[in-house]
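Below you'll find the structure, written out as structure tokens, and then a few comments.
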Amino acid sequence: MAETLLKIENLTKEYEGQKILDGIHLEVKKGDVLVVVGPSGCGKSTLLRCINALEPIQGGTIKLQGMDIRKGSKNITTLRQKIGMVFQSYELFPHLTVIDNITLAPVKVQKRDKAEVRKEAMELLARVGLADKAKSYPRQLSGGQKQRVAIVRALCMHPEILLFDEVTAALDPEMVREVLDVMLDLAKQGKTMLIVTHEMQFAKAVADKVIFIDQGKIVEEAAPEEFFEHPKTERAKQFLNVFTFEQVEHHVE
Amino acid sequence: MNWEFIEKYLPMYEKAALLTVKIGIVGILFAILVGLICAAVQYYKVPVLRWIVAVYVELSRNTPLLVQLFFIYYGFPKIGIRMSAELCGVVGLAFLGGSYMAESFRSGLESVEPIQSESAISLGMNSRQVLGYVILPQAMSTSIPAFVANIIFLLKETSVFSAISLMDLMFTAKDLIGLYYKTTESLFLLVVFYLLILLPVSIIGSLVERRMRYAGFGD
């Protein structure tokens, strides 16, 4: 039985009197790949932001390896180092080269040896096919390349868990694949990941478990085959229907 | 053009130029300090202080330096604060420049998207590291053009110091014109010396600007 990494109990998040997340329970074990799906505004991105303590929460607990994650708590910067986050809009630092983007936090925050971090960063860059871009600035990269660098930047911190917040949503279609391939590779390596996405085919391929959230609540939690083939709830059926198209019939008079 | 006259009074201009530069540099340094503090207060929305800063910025930007200098030079002694003319010049320049510097720094800070901070925070950085490694470098490259323009503007503004009888370049030129009626020579020297002070600043400024821009965008 794998160790429980992340445990969320009865999480409630309110914003201006409105409940964004309402009594969320979730457990992530080491090596799990969880995919969170749901309609826009259902609270799935907010869930990731709460796990990284970018948002204050109003109720419940979020624990990483038994330690309380809460915005403003004393050891939060240490805890955040164990949680890798990849944003939809990449958020690379535009004033730094690719290699400096990746090594900044490991060297300055984790105080690791610069040469060793650089070596690891170069290996990771090579693995995502961007070894030749180490000295480029983010401006010079395509969206897909930027996102791969952002993933490497998160990886280089040696996080316990990786959070992906709709990381392909801002990409041109032909660049989605190169980013998803990197994520599939990470899943194969046994990394623990929590992925928010609208890519249903990808979700099916990568997930150990699919979490369906609607209106701030977890409505369904199931293995991918089960969720996509035989959704239990009416709400999930409706949601999945949005992604299938009836064949257009051509009438010939 | 009487070159003998020019040669004779060149040392006088040199002395005046040194005074202009000295007060200019010290005044601008304090202006930068005031500007940094004010920008930080506004960026972090410090309660109460931010309103005081807002009033100061409007007051300082919407009154002429000459009026501010008169206030300091003639007004302050009436409430018991007596300063030398030089110190008045420095204080005046810092008072005027502080608000301009504050605005240029603030616009730089505000140009950095909040999600950039979140990205840094999520890498485990504390607020000091977020500021030092992520926000300030980006804010600076945005602020540099306005910052350089402010320095040139403030150095030019020093020409009103003659009004509180500081022996700066303007004062010297007016003095010589009054004494010898050598208008052409006196004004020629005046222009030359201002250019000698300001041209290097302008050139260095645009070099720094270009470097910072390249560093920022990697073209």
Side-chain angles (χ1 to χ4, degrees), chain A residues 45 48-49 51-55 69 71-72 74-98 100-112 133 135-141 146 150 153-159 161-163 165, chain B residues 32 36 39-40 43-47 104-148 204-219:
Chain A
S45 287
L48 291 197
R49 293 173 56 82
I51 295 173
N52 213 352
L54 289 173
E55 299 278 347
I69 297 177
K71 193 179 180 190
K74 239 194 307 179
N75 63 342
I76 192 65
T77 53
T78 321
L79 277 173
R80 282 203 187 101
Q81 292 171 37
K82 296 169 184 276
I83 307 167
M85 177 98 169
V86 186
F87 295 85
Q88 178 178 337
S89 46
Y90 336 117
E91 299 312 324
L92 297 178
F93 306 131
H95 60 295
L96 297 178
T97 58
V98 164
D100 289 341
N101 259 283
I102 299 168
T103 56
L104 178 66
V107 172
K108 301 289 183 190
V109 178
Q110 295 181 322
K111 313 283 181 212
R112 276 153 57 193
K133 299 287 183 196
K135 295 225 157 54
S136 303
Y137 282 90
R139 276 265 158 141
Q140 299 163 314
L141 305 181
K146 276 188 242 189
R153 184 174 67 175
L155 277 177
C156 217
M157 293 290 287
H158 302 158
I161 183 167
L162 285 160
L163 310 177
D165 187 10
Chain B
I32 292 171
L36 282 174
Y43 183 67
Y44 289 111
K45 301 195 169 53
V46 182
S104 70
F105 295 147
R106 190 174 63 99
S107 67
L109 284 170
E110 282 173 359
S111 73
V112 184
E113 299 279 341
I115 195 167
Q116 277 278 310
S117 312
E118 292 185 347
S119 169
I121 287 169
S122 76
L123 287 164
M125 290 190 207
N126 59 35
S127 44
R128 199 172 40 82
Q129 291 166 327
V130 173
L131 189 69
Y133 297 131
V134 177
I135 299 177
L136 280 186
Q138 293 185 57
M140 265 166 61
S141 76
T142 312
S143 293
I144 282 287
F147 176 74
V148 172
I204 293 170
S206 55
L207 281 177
V208 171
E209 243 172 74
R210 203 168 310 156
R211 253 194 83 85
M212 296 286 285
R213 195 166 57 223
Y214 286 149
F217 303 121
D219 290 317

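Side chains included, hydrogens not; waters and symmetry mates left out as well; all remaining heavy atoms used. Residue numbering restarts at 1 for every chain, and letters A, B, ... go by the order of the sequence lines.
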Using a 4.5 Å cut-off on heavy atoms from C-beta on, say whether the side chain of B:Ser119 contacts that of A:Met85. no
Which atom pair, heavy atoms only, marks the closest approach of A:His95 to B:Val134? CE1-O, 3.7 Å
Crowding at CD, B:Glu110 (>12 non-hydrogen neighbours, <6.0 Å): yes
What pair of heavy atoms forms the shortest contact from B:Leu123 to A:Met157, and how long is it? O-CE, 3.0 Å
Heavy-atom closest contact (B:Gln116 atom, A:Pro94 atom, distance): OE1-CD, 3.6 Å
A:Arg49 versus chain B, heavy atoms under 4.5 Å apart: side chain, backbone, both or neither? side chain
Which region of A:Ser89, side chain (C-beta onward) or backbone (N, CA, C, O), has a non-hydrogen atom less than 4.5 Å from a non-hydrogen atom of chain B, or is it both or neither? side chain
With a 4.5 angstrom heavy-atom cut-off, which part of A:Leu163 approaches chain B: side chain, backbone, both or neither? neither
Closest-packed option against chain B by number of heavy-atom pairs under 4.5 Å, given A:Leu92, A:Leu79, A:Ile83: A:Leu92
Nearest heavy-atom neighbours spanning B:Gly124 and A:Arg80: CA-CB, 4.1 Å
Closest approach of A:Phe87 and B:Ser122, non-hydrogen atoms and distance? CE1-OG, 3.7 Å
Tell me, for B:Glu118 versus chain A, whether the close heavy atoms (under 4.5 Å) come from the side chain, the backbone, both or neither. both
